[in-house]
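Taking it in order: structure first as structure tokens, then the write-up.
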Amino acid sequence: MIIRRTILAAGLAVAALAGTTALASAQEVVKVGIVLPMTGAFQSNGRQMQAAIRTYVAVHGDMAGGRKIELIIRDDASTAEQALRVSQELVTKDKAAILAGFGNTPAALSAAKISARGKIPQIIMVAATASIVDASPYVLRTSWTTPQMAAVIGQWAPEEGDAKTFISIVSDYGPGNDADAAFTKSLEAHGGQVIDHLKVPLANPDFAPFLQHVVEKKPDALFVFVPTGAGAAFMKQFVERGLDKSGIRVVAMADVTDDDILNSMGDPALGVISGGPYSASHDSPQNAAFVAAFEKENNGMRPNMVAVSAWDAIDLIYKTLDKTGGDASGEAFVAAAKGTELDSPRGPVSIDPDTRDIVQNIYMREVKRVEGELYNVEFRIYEAVKDPTH
């Protein structure tokens, strides 16, 4: 399989991710346009997604449904405008039959216009706002929804976590608002209370004034959601203000203690509780094989939940094409994808036939040191969780 990557700012060359083979005719090739944030604010997502795609191809090859699969990777620079433009080019110029990727909600929603208009299957690898699946009848998601995680955390916290009063601190954009609303609703339904809701600017966040407010209010715990990468800054400021010794616990969305940056967070992350769909330390044969292959293909890099979602997205594409005999047309592809079950590295997942969204286990985890490295160690499983908003 030849994977082409156009990075507009960096001008990187076309890269081949698998061994060369004789070229198939255009009629035999299924082209998949993959839109990734390789630059910009969400580039850490793009790096993990690309690494997972590279690994999947190395393990499974470049054929599905009797047809050769060509993945064409384009950079959206983490912006909705560029996501729209490159998605349009992928469909009209490159003749991509399927779109996939999308490392943030604005990018996913912009491309959904093309999906709906052109009846193009669109596989969401990361973007987590619940309403994305409503933007086009051809959208399928293999990542997670923000409410899917937040609602489980809200259930666990008062029932098993012994924390009743919370202050919610979330980034001020769509997924942050989703997280705050879903956590609050679930927490209050299970006997807890959110005594304040704090919204932190998404760009260049400074957590200090918000943490000072926490010091004054003295809740039992904080519920925290910030995008992948910002968790280290939050935990650093949490410790700098002495809150790690205050008895106020951090109960977070999985993005905060992301596997990709967890070791760099150091001791401040120890003991942080989070809820999410995947940990690199997940104990299963499937995950052991996935982590080993991922590290082999990517210079020892540790996979995170973004990586496993991208892996599952390509797996869904391959398995669906196997069902359709290589038919990638919107109606046939989506009909075949509905209800698909995947034996994922994160555990069993499936595509809800009613919503086209993912159904999966959500794990409560605690950051612990294991053989000299920090990991999110799972200690409680909530099985087959659906998005609670649909």
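Start at 1 with the first residue, then count along the sequence.
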Indicate the atoms forming the closest heavy-atom contact of Arg141 with Ala130, along with that distance. NH2-O, 3.1 Å

What closest approach, in Å, do Gly154 and Ser186 show between heavy atoms, and which atom pair accounts for it? C-OG, 3.4 Å

Would you say the side-chain atoms of Lys368 and Asn376 include a donor-acceptor pair closer than 3.5 Å? no

Could you check whether atom NZ of Lys236 has more than 12 heavy atoms from other residues, nucleotides or ligands sitting under 6.0 Å from it? no

Would you mind checking if Asp352 and Arg356 are paired as a salt bridge, meaning a charged N to carboxylate O distance below 4.0 Å? no

Over 12 non-hydrogen atoms of neighbours within 6.0 angstrom of CD in Glu341: no

Working for side chain to side chain contact (heavy atoms under 4.5 Å, CB included), residues Leu140 and Phe333: CA-CA 10 Å; Leu140 301 148; Phe333 186 95; 3.8 Å; yes

Examine the side chains of Gln360 and Gln148 and answer whether a donor and an acceptor come within less than 3.5 Å of each other. yes

If you measure only the distance, is there a donor-acceptor pair under 3.5 Å linking the side chains of His390 and Asp354? no

Check the pair Phe294, Val291 against side chain to side chain contact (heavy atoms under 4.5 Å, CB included), reporting the backbone distance first and the verdict last. CA-CA 5 Å; Phe294 190 92; Val291 171; 5.6 Å; no

So, Thr129 versus Ser131: side-chain donor-acceptor pair below 3.5 Å or not? no

Following the transitive rule for hydrophobic clusters with a side-chain heavy-atom cut-off under 4.5 Å over Ile, Leu, Val, Met, Phe, Trp and Tyr, establish whether Val226 and Phe223 coincide in one cluster. no

For atom CD of Glu216, is the number of surrounding heavy atoms from other residues, nucleotides or ligands below 6.0 Å larger than 12? yes

When you check the side-chain N and O atoms of Lys323 and Thr340, is any donor under 3.5 Å from an acceptor? yes

Set out, in order, the CA-CA distance, both residues' side-chain angles and the distance that settles side chain to side chain contact (heavy atoms under 4.5 Å, CB included) for Val32 and Glu70, then state yes or no. CA-CA 6 Å; Val32 181; Glu70 181 180 352; over 6 Å; no

Which atom of Leu222 lies closest to which atom of Phe238, heavy atoms considered: CD1-CE1, 3.8 Å

Check this for me: Glu373, atom CD, are more than 12 non-hydrogen atoms of other residues, nucleotides or ligands nearer than 6.0 Å? yes

Are any of the side-chain nitrogens in Lys164 or Asp220 under 4.0 Å away from the carboxylate oxygens of its partner? no

Relative to Tyr56, does Arg54 satisfy both conditions: NZ or CZ under 6.0 angstrom from the six-membered ring centre, and within 45 degrees of the ring's axis? no

Measuring from atom CD of Glu383 to atom CG of Asn361, what distance do you get when rounded to the nearest 0.5 angstrom? 5.5 Å

Quick one: do the Arg365 and Ser274 side chains pair a donor with an acceptor below 3.5 Å? yes

Contact summary for Ala252 and Ile153, nearest pair of heavy atoms: O-CD1, 3.4 Å

Short side-chain donor-acceptor distance under 3.5 Å, Gln82 and Asp76: no

Distance to the ring centre below 6.0 angstrom and angle to the axis at most 45 degrees; does that hold for Arg302 and Tyr375? yes

Regarding Tyr138 and Glu331, do their side chains bring together a donor and an acceptor under 3.5 Å, going by distance alone? yes

Salt-bridge present (Asp260, Arg47; N to O < 4.0 Å): yes

Which of these, Phe166, Phe225, Trp156, sits in a ring-ring contact (aromatic ring centres under 6.0 Å, His included) with Phe183? Phe166

Hey, does Arg346 have a side-chain heavy atom less than 4.5 Å from the side chain of Ser284? no

For side chain to side chain contact (heavy atoms under 4.5 Å, CB included), just list the numbers for Met149 and Asp255, CA-CA rounded to whole Å, side-chain angles, deciding distance to a tenth of an Å, and then say yes or no. CA-CA 10 Å; Met149 283 195 275; Asp255 313 69; 4.0 Å; yes

Would you say Lys185 has more than 12 foreign heavy atoms packed within less than 6.0 Å of its NZ? no

Does the side chain of Thr142 reach to within under 4.5 Å of the side chain of Val349, using non-hydrogen atoms? no

Any chain of hydrophobic side-chain contacts (each under 4.5 Å) joining Val91 to Leu109? yes

Quick check for you: to the nearest 0.5 Å, what is the distance between Ile34 atom CD1 and Ile73 atom CD1? 5.0 Å

Interatomic distance, CG@Asp180 vs CD1@Ile169, rounded to 0.5 Å, equals 11.0 Å

Using distance alone, with no hydrogens and no angle criterion, decide if Asp357 and Thr145 have a side-chain donor and acceptor under 3.5 Å apart. no

NZ/NE/NH1/NH2 to OD/OE distance under 4.0 Å, Arg74 and Glu89: yes

Going by side-chain hydrogen bond (donor to acceptor under 3.5 Å, both in side chains), Tyr278 matches just one of Asn304, Asn287, Asp312. Which one? Asn287

